[in-house]
Amino acid sequence: MAVGESVQLAPRDPEPDGAYTWHVRSAPVASSLELPDDEAVVQFDPDAAGNYVLELEAPDGTHTLTIRVFPGSYLPAGSVRSGASGMSGYSGYSGQSGSARPTQFSGGASGSGSGAGEAQRGEGGRPRIRLDATVEDDVVVVRADPQPNPNSTTDRDDLVVEFVVDDRDDIDDSAVETEGWELRVPLSAIGDRLRVHAVAIDETYSVPDAVTVERDALTDGGLTETESEPASHTDGSGAQPVSVSRPNDPPKWAQEVTLYEIYVRGYASDDDEADNTFEALEKRLDYLESLGVDCLWLTPVLQNDHAPHGYNIVDFYSIAEDLGSREDYEQFVEAAHDHGMKVLFDLVLNHSAREHPFFKDAYKNPDSEYYDWYEWQDSGEPGTYFDWEYIANFDHRNLEVRRYLLDAVDMWADVVDGFRCDMAWAVPDTFWQEVHDRVKAKDPEFLLLDETIPYIADFHEGMFDMHFDTTLYFTLRQVGRGDEPAERILDAIDQRTEVGFPDHAAFMLYLENHDETRYIVECGESEAMAAAGALFTLPGVPMVYGGQEIGQRGRRDALAWKHARDDIRDHYERLIEVRNETPALRNSGSEFRRIDYEADSDRAVAFVRDHDEGSYLCVLNFGDDPVTIDVGDLAVEATDIVSGDSVAAEGGIRVDDVAICPLA
């Protein structure tokens, strides 16, 4: 982080009745920082650049936390890190609402490093970094691959890398050697685990990356011996004393799926003849499987205040009675798994409903045991966002709040395959980091998907695996309305790198959801067909909102199954099929490339997706009339793999809405 930023610090896995005290053990010479000695959750506001070492005295012992603070001049443009994100915007505290943040910026920073470094800083934005590790001659070697921002004038060789070894791993500093872009630690100096973090530095610092080296468990429950012959984690031969992982990489399965959002109180039909909503949804699984869907996101299923969207929760541990029982829900999840589908749980950690019994007890009652669970305005009303009337923001400075929510996280993580995290920007970063570590410790393939508007690059460091691509969403709306040329969607893809997201970050692509007007209503039918093509050809994970594939026009209305548009459904089914069959269109191992082209309308755009198994020209046309695209000397086979027809035309390729053609 940098001077001028703030972060909330809290004990992990807290005991609400436990005694916790923070101390500054060491700080830069210029710092006069002190921390309150009577608070378990504190705000860290560094006043000087350098290394801070903090101590937390806790019931289970003393814990150490090293924080690298850069000068304020290194602060990434548009930083929104407040550290107290849970404090609402009613007074401007903790920044603005998600939709008010400037979309050209990536958000706050959370760098960490050991030692100071001065780069030959050039013009441009945040650099990027990737860490990898191998075992060589009984030494763990961590190598950094820094990259300058696309807009930077800095040479890659001039980038500085700073490393830090995780305090929790208790590695003797004298055993750690760093030189340039490499860090080395003898295997003999490592206990059960070594975690290394690093940032690249240019005119500012990158989103940190991390790598974990962990001793493999033996069949008898012991650990492998350091004398065992070491091998690279990619070698696969001989005895391997450690395994290497990259905790910030998204689960591989999550990058290959087609995601489908189900608005639980509008999706199933009365004709399904089911005893409860989950049983009715289960009867729709055959349909979803035939469509090609393989991951389901259900809007909240917990007990709520009867608002049909379900986000106003009154019990974080119980399934909503109007949907069915917990047994019914778990049976639905099991049935989805039997159909080859993952299931995401909609996780709400920012607020409760005002009908929650804890809030009702606390409202206008400072003597309530739950009063300190919530934020309060001077007026006596609860803190909230956007003047929402039916929710109240939790105060994450309260250890009982944290314990209550973490226990709910543990409960539902055991049932599902991932969390879609509601209003992620409104919960403290450090709380998400704890959630990340808890769920990944049980299941490294568990998915964490954040809803943050606009997206924040630093949320990819130890918090979330995948991000709503809000920039692409808004751009597709602008293009669909005719307010921007179609080529702007390529700029939206490039922006991911420009704002500092690392190359290993994953993005969810969407046209609509339960909060948005249907795309076909706002933009038109021709535009909707082209936009569907964008979801399945641009880099990212496509998401379809239930009903989108049948031409549904109401945002949260019951789905009009009897009036489903077969032509639109066929279009989606074929696009899903083509993406599944074409490695270049999927995230893993594929690349996105701009090309030179000419079109007789600015409603059309062309680009290439590359993969070792073949490259493809992708063309999208958001206009009502067919468009001819001239791609110059690019060698293209004129058969469109979506329609199976030739799209060859005088002067180029003729496209109605979407065409995907192999490169010769």
Give a yes or no on whether the ring-centroid distance for Tyr385 and Trp425 is below 6.0 angstrom.
yes
In terms of side-chain geometry, is the basic nitrogen of Lys342 or Asp294 positioned less than 4.0 Å from the acidic oxygen of its partner?
no
For Val636 and Cys661, which heavy atoms make the closest approach, and how far apart are they?
CG1-CB, 3.5 Å
On the 0 to 90° scale, with breaks at 30° and 60°, tag the Trp412-Tyr329 ring pair as parallel, tilted or perpendicular.
perpendicular
Looking at Asp322 and Arg265, is there a salt bridge between them, counting it only when a charged N and a carboxylate O are closer than 4.0 Å?
yes
Using a strict threshold of under 4.0 Å (side-chain N to carboxylate O), is an ion pair present between Arg496 and Asp503?
no
What do the steps show when you test Glu256 against Arg586 for salt bridge (charged side-chain N to carboxylate O under 4.0 Å, His left out), and what is the final call?
CA-CA 6 Å; Glu256 304 291 338; Arg586 299 198 298 272; 2.6 Å; yes
Measure up the His356 and Phe316 rings against each other and bin them: parallel (under 30°), tilted (30 to 60°), perpendicular (over 60°).
tilted
Tell me, with the steps shown, if Arg518 and Glu522 meet salt bridge (charged side-chain N to carboxylate O under 4.0 Å, His left out).
CA-CA 6 Å; Arg518 295 283 185 174; Glu522 181 174 337; over 6 Å; no
With heavy-atom distances below 4.5 Å as the criterion, would you say the side chains of Asp315 and Leu302 are in contact?
no
In Å and rounded to the nearest 0.5 Å, what is the OH to CG distance from Tyr260 to Leu296?
9.0 Å
Quick one: pull up CG in Leu281 and CG in Leu298 and give me the separation to the nearest 0.5 Å.
6.0 Å
In terms of ring plane angle, is the pair His504 and His460 parallel, tilted or perpendicular, where the classes change at 30° and 60°?
tilted
Would you please test Phe592 and Phe607 for ring pair (Phe, Tyr, Trp, His ring centres under 6.0 Å) and show each step?
CA-CA 8 Å; Phe592 164 81; Phe607 53 93; 5.7 Å; yes
Would you name the heavy atoms of Gly546 and Tyr267 that are closest together and state the gap between them?
CA-CE1, 4.0 Å
Determine whether a donor-acceptor pair (N or O, by modelled atom type, separation under 3.5 Å) exists between the side chain of Lys283 and the backbone of Glu273.
yes
Could you walk me through whether Tyr311 and Trp388 pass the ring pair (Phe, Tyr, Trp, His ring centres under 6.0 Å) test, one step at a time?
CA-CA 12 Å; Tyr311 286 92; Trp388 285 335; 9.2 Å; no
Does the salt bridge (charged side-chain N to carboxylate O under 4.0 Å, His left out) test come out yes or no for Arg594 and Asp494, once each step is laid out?
CA-CA 10 Å; Arg594 285 181 181 255; Asp494 288 342; 2.8 Å; yes
Glu445: side chain to side chain contact (heavy atoms under 4.5 Å, CB included) partners, not counting sequence neighbours
Pro251, Trp253, Asp443
Between Val415 and Met411, which heavy-atom pair has the shortest distance, and what is it?
CG2-O, 3.8 Å
Salt-bridge criterion met for Glu525 and Arg565 (N-O under 4.0 Å):
yes
Under the rule for ring pair (Phe, Tyr, Trp, His ring centres under 6.0 Å), what residues qualify as partners of His611, not counting sequence neighbours?
none
Would Arg569 and Asp566 pass as an ion pair if we require N to O under 4.0 Å?
no
For the NE2 atom of His571 and the OG atom of Ser643, what is their distance to the nearest 0.5 Å?
11.0 Å
Take Trp297 and Phe419 through the test ring pair (Phe, Tyr, Trp, His ring centres under 6.0 Å) and record every step on the way to the result.
CA-CA 9 Å; Trp297 153 29; Phe419 291 142; over 10 Å; no
In Å, rounded to the nearest 0.5 Å, how long is the span from CG of Asp275 to OG of Ser325?
10.5 Å
May I ask you to decide if the ring planes of Phe507 and His467 are parallel, tilted or perpendicular, using 30° and 60° as cut-offs?
tilted
Backbone of Leu448 reached by a side-chain donor or acceptor of Asp465 within 3.5 Å
yes
Between Ile576 and Leu291 the two heavy atoms that sit nearest each other are CD1-O, 3.4 Å
For Gln255 and Arg579, work out which heavy atoms get closest and say how close.
O-NH2, 3.4 Å
For the residue pair Phe459 and Phe464, categorise the inter-ring angle as parallel (less than 30°), tilted (30 to 60°) or perpendicular (more than 60°).
tilted
May I ask you to test the Phe536-Val544 pair for a side-chain heavy-atom distance under 4.5 Å?
yes
Salt bridge (charged side-chain N to carboxylate O under 4.0 Å, His left out) between Arg555 and Asp515, intermediate numbers included
CA-CA 7 Å; Arg555 182 183 60 166; Asp515 286 328; 5.2 Å; no
Does the side chain of Val605 come within less than 4.5 Å of Ile489's, by heavy atoms?
yes
Atom CG in Asp630, atom CD1 in Ile653: separation rounded to 0.5 Å?
9.0 Å
Is there a side-chain contact between Ile456 and Val499 (heavy atoms, below 4.5 Å)?
no
Taking Asp414 first and then Lys442, would you say they form a salt bridge - that is, a charged N and a carboxylate O separated by under 4.0 Å?
yes
Phe468 vs Tyr510, ring pair (Phe, Tyr, Trp, His ring centres under 6.0 Å): CA-CA, chis, key distance, verdict
CA-CA 8 Å; Phe468 276 45; Tyr510 66 109; 5.3 Å; yes
Within the side chain of Asp640, is there an N or O that forms a donor-acceptor pair under 3.5 Å with the backbone of Ile660?
yes
Gap between atom CG of Asn248 and atom CZ of Arg130 - 0.5 Å precision
10.5 Å
Search all heavy atoms of Asn580 against all heavy atoms of Gly292 and return the closest pair with its distance.
ND2-O, 4.2 Å
Do Pro502 and Asp209 have side-chain heavy atoms sitting under 4.5 Å apart?
no
